[in-house]
A.B. asks: 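Below is a structure I'd like to ask you about.
Because only heavy atoms are used, hydrogens play no part in the values below, and waters and symmetry mates are left out as well, while side chains stay in. Predicted model, so just to flag it, every value in this text is computed and none were measured.
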Protein chains: 2
Amino acid sequence: MSQLCTSDSPDLFRSLLSRIGDKWTLIVIGVLGEERKRFTELVDFIPGISRRMLTVTLRALERDGLVSRTVYAEVPPRVEYEVTPLGRSLQAVALTLGDWVSEHQHTIAHHRREFDAATAP
Amino acid sequence: MSQLCTSDSPDLFRSLLSRIGDKWTLIVIGVLGEERKRFTELVDFIPGISRRMLTVTLRALERDGLVSRTVYAEVPPRVEYEVTPLGRSLQAVALTLGDWVSEHQHTIAHHRREFDAATAP
DNA sequence: CTGAATCCTAAGGGATACTG
DNA sequence: CAGTATCCCTTAGGATTCAG
């Protein structure tokens with residue numbers, strides 16, 4: 001973890017972490033990990049996401065090379081998104097994070113209740 | 001990754017992810033992972049952190065049961081923080097995330113430069 | 001020494017309307 | 001269909017000050 005302080009590029013490190021921690025990134029990668037999808041399919045598939053936030057999230061992922069964007073010269077326009085091999089490798093790492101949360105979520109929820117009970121009254 | 005949509009408690013899941021993605025959490029866990037430290041030691045040890053943000057971060061970690069807080073009845077007061085076994089298990093997972101970033105940071109930085117060059121001009 | 005309280009700004013993110 | 005632009009509200013987080 002000390003690379004968080006000594007890394008070549010702590011700013012890059014942090015920007016990646018906050019990307020992972022943001023509201024939609026992992027969800028989008030997870031959905032795209034199953035199969036390539038077009039814009040509206042993603043909107044329909046991901047409950048609660050707005051077109052704006054989907055655009056913002058996809059642009060960021062594309063910029064980092066985690067997702068690729070393919071435009072087909074058709075009318076009406078068709079655009080498909082797909083995770084890259086790099087994105088897939090991130091997904092694999094994120095999955096272990098997801099497993100950790102799944103495994104410990106009840107313990108953590110319990111800690112929170114205890115802490116709140118001990119602090120609030 | 002689909003547990004992001006189907007999890008028992010997506011809110012808890014998200015709160016944990018954004019905790020991990022915030023500015024100081026992993027740094028604090030990383031530093032405390034090496035050895036237990038008191039408040040001021042942490043401030044001195046972590047470049048750039050304010051006392052306020054250290055307090056906020058430590059409280060959140062304590063609430064989740066990732067860090068424990070011990071108060072000694074002395075004058076002047078002494079408080080020591082230490083990662084719990086649960087915190088250590090999270091640190092292990094976060095380390096794999098750190099490894100991934102270390103391994104791919106140059107690739108990602110390259111992607112960003114290319115993307116920005118293709119979009120900005 | 002170890003915080004809590006307050007103030008302030010910058011960024012995240014939602015709703016809505018418009019466009020090629 | 002696939003976005004972009006705008007407005008606005010909420011939250012993260014820094015600076016500073018006060019207190020036990």
Side-chain angles (χ1 to χ4, degrees), chain A residues 4 10-11 14-28 31-32 36-64 67-82 115-116 118-120, chain B residues 4 10-11 13-28 31-32 36-64 67-82 115 118-120:
Chain A
L4 283 169
D11 287 350
R14 274 241 58 245
S15 71
L16 255 359
L17 280 180
S18 46
R19 178 79 28 88
I20 290 171
D22 80 8
K23 193 166 178 179
W24 301 110
T25 291
L26 286 190
I27 298 177
V28 170
V31 169
L32 282 181
R36 66 208 317 262
K37 283 193 172 11
R38 46 200 299 192
F39 190 84
T40 302
E41 286 182 302
L42 285 169
V43 172
D44 294 341
F45 209 84
I46 301 173
I49 199 169
S50 64
R51 289 199 302 270
R52 175 181 130 77
M53 285 317 296
L54 180 57
T55 301
V56 170
T57 303
L58 286 171
R59 284 293 167 281
L61 291 173
E62 191 192 354
R63 185 168 104 102
D64 287 350
V67 158
S68 68
R69 177 173 180 269
T70 311
V71 183
Y72 297 87
E74 303 177 353
V75 180
R78 182 161 61 101
V79 179
E80 289 192 346
Y81 292 91
E82 182 178 22
F115 184 92
D116 293 346
T119 342
Chain B
L4 283 169
D11 287 349
F13 198 106
R14 274 241 60 242
S15 71
L16 255 0
L17 280 179
S18 44
R19 178 79 26 88
I20 289 171
D22 80 8
K23 193 166 177 180
W24 301 111
T25 292
L26 287 190
I27 297 178
V28 169
V31 169
L32 282 181
R36 66 208 315 263
K37 283 193 178 355
R38 48 197 299 191
F39 190 84
T40 303
E41 287 182 303
L42 286 170
V43 172
D44 294 341
F45 208 84
I46 301 173
I49 198 170
S50 63
R51 289 200 304 266
R52 175 180 131 74
M53 286 317 295
L54 180 57
T55 301
V56 170
T57 304
L58 286 171
R59 283 295 167 278
L61 291 173
E62 191 191 355
R63 186 168 104 102
D64 287 350
V67 158
S68 68
R69 176 173 181 268
T70 311
V71 182
Y72 297 88
E74 303 176 356
V75 180
R78 181 163 62 100
V79 179
E80 289 192 345
Y81 293 92
E82 182 178 22
F115 185 91
T119 336

A.B. asks: Which whole-number value in Å describes the distance from A/R51 CZ to D/dT6 C1'?
C.D. replies: 14 Å

A.B. asks: Which whole-number value in Å describes the distance from A/D22 CG to D/dA12 P?
C.D. replies: 14 Å

A.B. asks: Output the rounded distance in Å from CG (A/L42) to P (D/dA2).
C.D. replies: 9 Å

A.B. asks: Check the phosphate of C/dG3 against B/T55, side-chain N and O only, distance under 4.0 Å to OP1 or OP2. Yes or no?
C.D. replies: no

A.B. asks: What's the CZ-C1' distance between A/R19 and D/dA12, to the nearest Å?
C.D. replies: 17 Å

A.B. asks: What is the minimum heavy-atom distance between B/W24 and B/I46, and which atoms define it?
C.D. replies: CZ3-CG2, 3.8 Å

A.B. asks: Among the nucleotides C/dG3, C/dG14, D/dG14, which one has an atom lying closest to any side-chain atom of B/K23?
C.D. replies: D/dG14

A.B. asks: Tell me what B/R38 touches on the nucleic acid: a base, only sugar-phosphate, or nothing, going by heavy atoms under 4.0 Å.
C.D. replies: sugar-phosphate

A.B. asks: Using a cut-off of 4.0 Å on non-hydrogen atoms, how would the nucleic acid contact of A/R69 be classed: base, sugar-phosphate, or nothing?
C.D. replies: sugar-phosphate

A.B. asks: How far apart are the closest heavy atoms of A/T70 and A/R36, and which atoms are they?
C.D. replies: OG1-NH2, 4.0 Å

A.B. asks: What pair of heavy atoms forms the shortest contact from A/L61 to A/V28, and how long is it?
C.D. replies: CD1-CG1, 3.9 Å

A.B. asks: Would you indicate, yes or no, if C/dG3 has its OP1 or OP2 atom less than 4.0 angstrom from a side-chain nitrogen or oxygen of B/Y81?
C.D. replies: yes

A.B. asks: Quick one, B/F39 and B/L58 - any side-chain contact, counting heavy atoms below 4.5 Å?
C.D. replies: yes

A.B. asks: Closer than 3.5 angstrom, by distance alone: can the side chain of A/R14 be matched with the main-chain N or O of B/G21 as a donor-acceptor pair?
C.D. replies: yes

A.B. asks: In whole Å, what is the span from the CE atom of A/M53 to the C1' atom of D/dT6?
C.D. replies: 15 Å

A.B. asks: Regarding C/dG3, can its base be found pairing with the side chain of B/R52 as donor and acceptor, where the two atoms are less than 3.5 Å apart?
C.D. replies: no

A.B. asks: Take atom CG of A/L17 and atom P of D/dA12, then tell me their distance rounded to the nearest Å.
C.D. replies: 17 Å

A.B. asks: Can you tell me the distance, in whole Å, between the CD atom of A/E80 and the C1' atom of D/dC1?
C.D. replies: 13 Å

A.B. asks: Return the nearest nucleotide to the side chain of A/P77; candidates are C/dG3, D/dA2, C/dC1.
C.D. replies: D/dA2

A.B. asks: At under 4.0 Å, does any side-chain N or O of A/R59 touch on OP1 or OP2 of D/dG3?
C.D. replies: yes

A.B. asks: Can you measure A/R14 atom CZ to C/dA11 atom C1' for me and round it to whole angstrom units?
C.D. replies: 12 Å

